[in-house]
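Labels below follow one simple rule: chain letters A, B, ... track the order of the sequence lines, proteins then strands, and each chain is numbered from 1.
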There are 2 protein chains.
Amino acid sequence: MTSPPTAPTAPPRRGRPGHDQAAVLGTAIDLFIRQGYDATSMADLAAALGLSKSSLYHHVPSKERLLELALDEALGELTAVVEAATAEGAAGTSYERLRRVVEDGVRLLVDHQPAVTLLLRVHGNTDVERAALERRRWVDDRLADLVAAAVAEGALRADLDPGLVSRLLFGMVNSLVEWYDVDGPVDVDQLAAAVVATALDGLAVGAPRSAPG
Amino acid sequence: MTSPPTAPTAPPRRGRPGHDQAAVLGTAIDLFIRQGYDATSMADLAAALGLSKSSLYHHVPSKERLLELALDEALGELTAVVEAATAEGAAGTSYERLRRVVEDGVRLLVDHQPAVTLLLRVHGNTDVERAALERRRWVDDRLADLVAAAVAEGALRADLDPGLVSRLLFGMVNSLVEWYDVDGPVDVDQLAAAVVATALDGLAVGAPRSAPG
DNA sequence: CCTACCGATCGGTAGG
DNA sequence: CCTACCGATCGGTAGG
């Protein structure tokens, strides 16, 4: 048997197994969150991985590229959830789709909590951060459109500005990345239900409350 | 008329008027928010003030002291509002006091938005930051107690964990520092009303809704 | 002796 | 994957 000239699978590794880029990225995100991006040096990251700084640069081209990869992960997931909820042929009323996007959003923030945490802390100091903020703004605008549509439908209270309501609603959702602990007493189903109950049952005009007991 | 030997008023200044510590602090907070604390050098701050770095150090002992002053401002105000709402002899039911602390909290975040923004971005990398987080935790714990008391009173829905509800409620309140614009179309009264309506009217069991029109 | 401020430079550390 | 370095810049301080 002969090997094809260009093998589609990864070539067999020689030497020590070492680290791959995904492992480096995971540790980097962890340090960026705990210490802050600026306060984390590449020497810190190398030490956490048990590498020298030069070896670290064998796996990643720059510190900023690590941030970019993390932000891409968060934005890719957020974009997919929002597109699914706001696509042309999406099923259900605007209110139903808003309710689903809040639930899916909560699960997404929990599943990708480190990457989303970094995204929510970005403030546009570099080109990479500004590009991420632009994509995030697109997501926020689609969510605001969905809130406005639910208001127009008569499903949400009309005495508040939809843009303001959207900011408060997703401000509440986003805040959970700063305190939610997956290993804590509240599981993700309870969390999603609590967010929907707290925010949407309060916003929905005449929506039924859960009966106590 | 003779001047008293020790004048209680500030002595007359000689030389250039220059800057005082309050002006330096205001500019510092502005830069810390826009660029991040770590990414702001004392040279940046000096340039923004039109001073040399050495002259800047005539007014402030260190960069960290500037952060500490800003965090003290935010924590002092937050502590006062929370103490007023949770003091032994505070008037009203727990629910009424919670509603008032949310309204007062919104006004406080707007009045001291720069300082509070810095406080909410602190993550405990230094002793100054850890001390601030400890004081902030005291505030959060008092607010959680108030939510729990309102649940025990029967005024808030009992099917959700009070600690969880408290985090979601004040996560929503805190989020406004990242987007609210005092010069924008929403004034602070509308903002406070919207927060209370969105969060508490949704939490209050059988609370009356504002009638439309 | 004061307040306000300067050009130059300290010992260390950053990302690469 | 390492030791040995770089150009630059950090927060802070010297003498005047």
Any side-chain N or O of A:Tyr57 below 4.0 angstrom from OP1/OP2 of C:dG16? yes

Rounding to an integer number of Å, can you tell me how far B:Leu51 CG sits from D:dG12 P? 16 Å

C1'-based separation of C:dG12 from D:dA8 [nearest Å]: 13 Å

Starting at atom CG of A:Leu67, determine the distance to atom P of C:dG16, rounded to an integer number of angstrom. 12 Å

N-O pairing of B:Asp145 and B:Arg142 below 4.0 Å: yes

Can you name the closest pair of heavy atoms from B:Leu66 and B:Ala28 and give their distance? CD1-CB, 3.9 Å

Under-4.0 Å salt bridge between A:Glu68 and A:Arg65: yes

Looking at B:Asp127 and B:Arg130, does any basic side-chain N land under 4.0 Å from a carboxylate oxygen? yes

To the nearest Å, give me how far apart CZ (B:Arg65) and C1' (D:dG12) are. 17 Å

Rounded off to whole Å, could you give me the CG-to-P distance for the A:Leu56 and D:dC1 pair? 11 Å

Non-neighbouring partners of A:Phe32 that pass ring-ring contact (aromatic ring centres under 6.0 Å, His included), sequence neighbours left out: A:Tyr37

If you check the A:His59 side chain, which of D:dC1, D:dC10, D:dT13 turns out closest? D:dC1

Stem regions touching DNA chain C, defined by at least 3 consecutive Watson-Crick or wobble G-U pairs below 3.5 angstrom: none

Output the distance between atom CG (B:Leu156) and atom CG (B:Leu98), rounded to the nearest 0.5 Å. 6.0 Å

Figure out the NE2/P separation between B:His58 and C:dC2, and round it to whole Å. 12 Å

Do the charged groups of A:Arg135 and A:Asp72 touch, with an N to O distance under 4.0 Å? yes

Rounded to whole Å, how long is the line connecting atom CD of A:Gln35 with atom C1' of C:dT13? 15 Å

If we take the C1' atom in both C:dG16 and D:dA4, what is their distance in whole Å? 13 Å

What's the CG-P distance between A:Leu45 and D:dC1, to the nearest Å? 13 Å

Which value, in whole Å, describes the distance between the C1' atoms of nucleotides D:dT9 and C:dG11? 13 Å

Report each atom pair, protein N/O against N/O of nucleotides 3-6 of chain D, whose distance is under 3.5 angstrom.
residue: D:dT3; atom: O4; partner: A:Ser54; partner atom: OG; Å: 2.5

Apply side-chain contact (heavy atoms from CB on, under 4.5 Å) to residues A:Asp189 and A:Arg107 and explain how you reach the verdict. CA-CA 8 Å; A:Asp189 291 321; A:Arg107 287 174 209 284; 2.8 Å; yes

Integer-rounded Å distance: C:dG16 C1' and A:Leu66 CG: 13 Å

Testing the basics here: between B:Val102 and B:Val173, what is the closest heavy-atom pair and its distance to 0.1 Å? CG1-CG2, 4.2 Å

